[in-house]
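See structure below.
Since we're looking at a predicted model, the values are computed, not measured. We count ligands from 1, going down the list as the structure has it; atoms in each ligand are counted the same way.
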Amino acid sequence: MAGKRTITIIGGGVIGLTAAHALIGAGHDVTLIERREDVGQEASFANGGQLSYRYVSPLADAGVARDALGWLLRPHSPISLRLRADTMQWRWLLGFMLACNRRTNRKNAAILLDLALAGQAELQDWRDAGLDDFLWRRPGKLVLYRDSSKFRLAARSITDPDLQRALSPSECMTVEPAFAGLQSRIAGGIFSPEDEVGDCFLFCTALRKALTRQPAFRMVQGKAALAPGRGSRCALRVNGRPFEADLVILAAGIASRALARPLGIDLPLYGLKGYSLTTRPQPGTLPAVSVTDYDNRVVYAGLGDRLRVAAMVDIGTDDTPPDPRRLAELRALVAATLPGAFGGGEDAPWVGLRPATPTGVPVIARTRYDNLLLNVGHGALGFTLAVGSALRLKEIVAGADV
Ligand SMILES: Cc1cc2nc3c(=O)[nH]c(=O)nc-3n(C[C@H](O)[C@H](O)[C@H](O)COP(=O)(O)OP(=O)(O)OC[C@H]3O[C@@H](n4cnc5c(N)ncnc54)[C@H](O)[C@@H]3O)c2cc1C
């Protein structure tokens with residue numbers, strides 16, 4: 001280690017909190033700045049709950065541009081696009097299209113898989129050391145394919161049969177009987193028995209509790225802002241006042257883009273709006289394994305006695321209020337797929353912005369400012385990649401000449 005550092009992290013979502021936990025573990029002093037009253041209130045609040053370690057292929061892939069056209073024309077589509085007079089949106093879409101080829105997808109999927117698997121092993125250590133109470137389970141993940149060509153492609157892409165298996169429709173229903181009604185409508189499924197689930201907000205809360213027991217940790221409620229400072233350093237202000245910081249880590253989700261702009265750093269982030277529902281299913285309907293309905297891009301995870309369903313990628317509607325039409329479409333899709341999902345009622349629906357890069361690969365890196373590191377852009381996989389990203393960041397801090 002390059003010595004004990006005094007580190008300030010901007011952002012109390014799952015990315016900032018896991019970074020804080022890893023850096024405290026490495027012996028640093030850490031201050032976390034969060035503008036909200038509590039941690040995990042934005043994209044990390046009610047996400048899909050999947051720790052999808054073996055299924056990290058980025059959205060940008062060969063054929064996605066063609067599929068997207070189909071989705072955009074289809075009613076109740078999982079993806080919607082509203083083009084805007086916004087150069088950021090156009091640049092992001094161009095970057096996304098350029099990443100839509102098999103070679104780039106494979107390369108980026110390998111980077112994400114490394115991050116994910118390193119994070120899974122580390123999370124096991126954190127849990128062994130007492131991090132608990134976030135409804136964690138390791139039930140495995142089943143991805144169901146309705147389209148036979150997509151299923152065949154997915155089955156051919158399995159690299160380690162010990163970690164992923166291609167299943168027939170009837171085998172899928174043995175693994176997860178709650179989806180038995182789909183048997184005649186699916187071509188098959190890919191099962192990853194080692195994948196996990198958890199409640200991301202409760203995970204954030206568990207991290208905050210564990211951190212606040214550490215004398216080297218301090219949490220400050222306030223709004224951070226960055227500006228160029230002296231020499232090659234950036235200056236941090238919190239609630240308008242200068243804030244002394246030896247090393248700053250920007251981990252503020254989608255807000256990172258605006259925070260970095262005064263520094264002349266143009267982060268390739270775009271907010272992909274998604275929805276989740278949390279229901280109390282009727283007995284026998286709560287899936288044991290986590291399930292992805294691939295063709296509809298809907299994920300299902302049992303969290304305690306609740307079912308968490310997450311879906312939709314809405315591009316160009318980065319205002320956060322839920323769109324009642326999209327919510328109604330999602331409820332109809334879930335009711336058609338898993339009758340009984342709403343049997344015991346439903347909690348408040350939720351909407352969040354995935355802080356996405358065009359390639360799906362997060363930015364965990366130094367910057368041209370000696371005292372600023374980035375940990376941003378985790379898109380649709382932030383819960384899955386958080387711990388691995390924190391380890392990567394810890395390595396950069398250890399080697400950082402800052
Ligand atoms: C519908 C949906 C479903 C999803 N499902 C899954 C899933 O199943 N599995 C998975 O792995 N991932 C999933 N994700 C992705 C995951 O939720 C995100 O990638 C992750 O939460 C991003 O975390 P973050 O910490 O970067 O951002 P956030 O959680 O948004 O945290 C950023 C924090 O920074 C704070 N902040 C911002 N600006 C400032 C400032 N100026 N000063 C101080 N604080 C500031 C904010 O208040 C916030 O608390 C899903 C996302 C959505 C929207």
Side-chain angles (χ1 to χ4, degrees), residues 8-20 31-53 55-56 78 112 115-116 119 141 195-201 203-204 207-208 219-226 236-239 243 248-260 269 271-277 290-292 297-301 303 308-314 318 320 322 326 330 349-357 360 362-364 374-390:
T8 303
I9 298 176
I10 306 174
V14 71
I15 299 301
L17 286 157
T18 46
T31 299
L32 187 99
I33 316 280
E34 169 53 52
R35 64 183 172 183
R36 302 272 211 143
E37 276 182 18
D38 196 2
V39 295
Q41 295 297 297
E42 300 206 353
S44 307
F45 186 64
N47 69 20
Q50 291 194 333
L51 290 161
S52 178
Y53 296 116
Y55 210 92
V56 287
L112 297 180
L115 270 184
K141 168 166 164 161
D195 277 1
E196 303 170 2
V197 297
D199 184 302
C200 191
F201 168 65
F203 181 53
C204 291
L207 285 165
R208 176 180 49 72
M219 187 154 165
V220 172
Q221 192 199 340
K223 188 166 180 192
L226 293 167
L236 171 65
R237 297 177 84 84
V238 177
N239 292 333
F243 196 94
V248 180
I249 293 170
L250 181 56
I254 192 61
S256 305
R257 194 176 69 196
L259 272 159
L269 300 182
L272 303 182
K273 185 171 172 176
Y275 291 82
S276 81
L277 306 172
S290 87
V291 173
T292 295
R297 298 291 200 276
V298 183
V299 303
Y300 298 81
L303 300 176
R308 175 69 51 74
V309 182
M312 310 298 200
V313 176
D314 290 358
D318 52 6
T320 30
R326 295 293 272 163
L330 179 56
W350 176 77
V351 62
L353 294 176
R354 304 171 181 92
T357 62
V363 184
I364 310 164
L374 303 170
N375 191 14
V376 300
H378 294 76
L381 285 169
F383 189 20
T384 305
L385 300 177
V387 180
S389 301

Can you give each donor-acceptor pair under 3.5 Å made by side-chain atoms of residues 248-255, sequence neighbours left out, with the distance rounded to 0.1 Å?
none

- Item | CG-CD1 distance between N239 and I33, expressed to the nearest 0.5 angstrom | 8.5 Å
- Task: Show your reasoning for whether side chain to side chain contact (heavy atoms under 4.5 Å, CB included) applies to L277 and Y275.
- Result: CA-CA 7 Å; L277 306 172; Y275 291 82; over 6 Å; no
- Spacing of OH belonging to Y55 relative to CG belonging to D195, to within rounding of 0.5 Å: 11.0 Å
- Message: Counting C-beta onward and ignoring hydrogens, is there a side-chain heavy-atom pair between V376 and R257 closer than 4.5 Å?
- Response: no
- Item | Exercise: identify the closest heavy-atom pair between Q50 and F383 | O-CD2, 4.1 Å
- Query: Under a strict 4.0 Å criterion on non-hydrogen atoms, which protein residues are in contact with ligand 1?
  - Reply: I10, G11, G12, G13, V14, I15, I33, E34, R35, R36, E42, A43, S44, N47, G48, G49, Q50, G222, K223, A224, A252, G253, A255, L259, G274, Y275, A310, W350, G352, R354, P355, H378, G379, A380, L381, G382, F383, T384
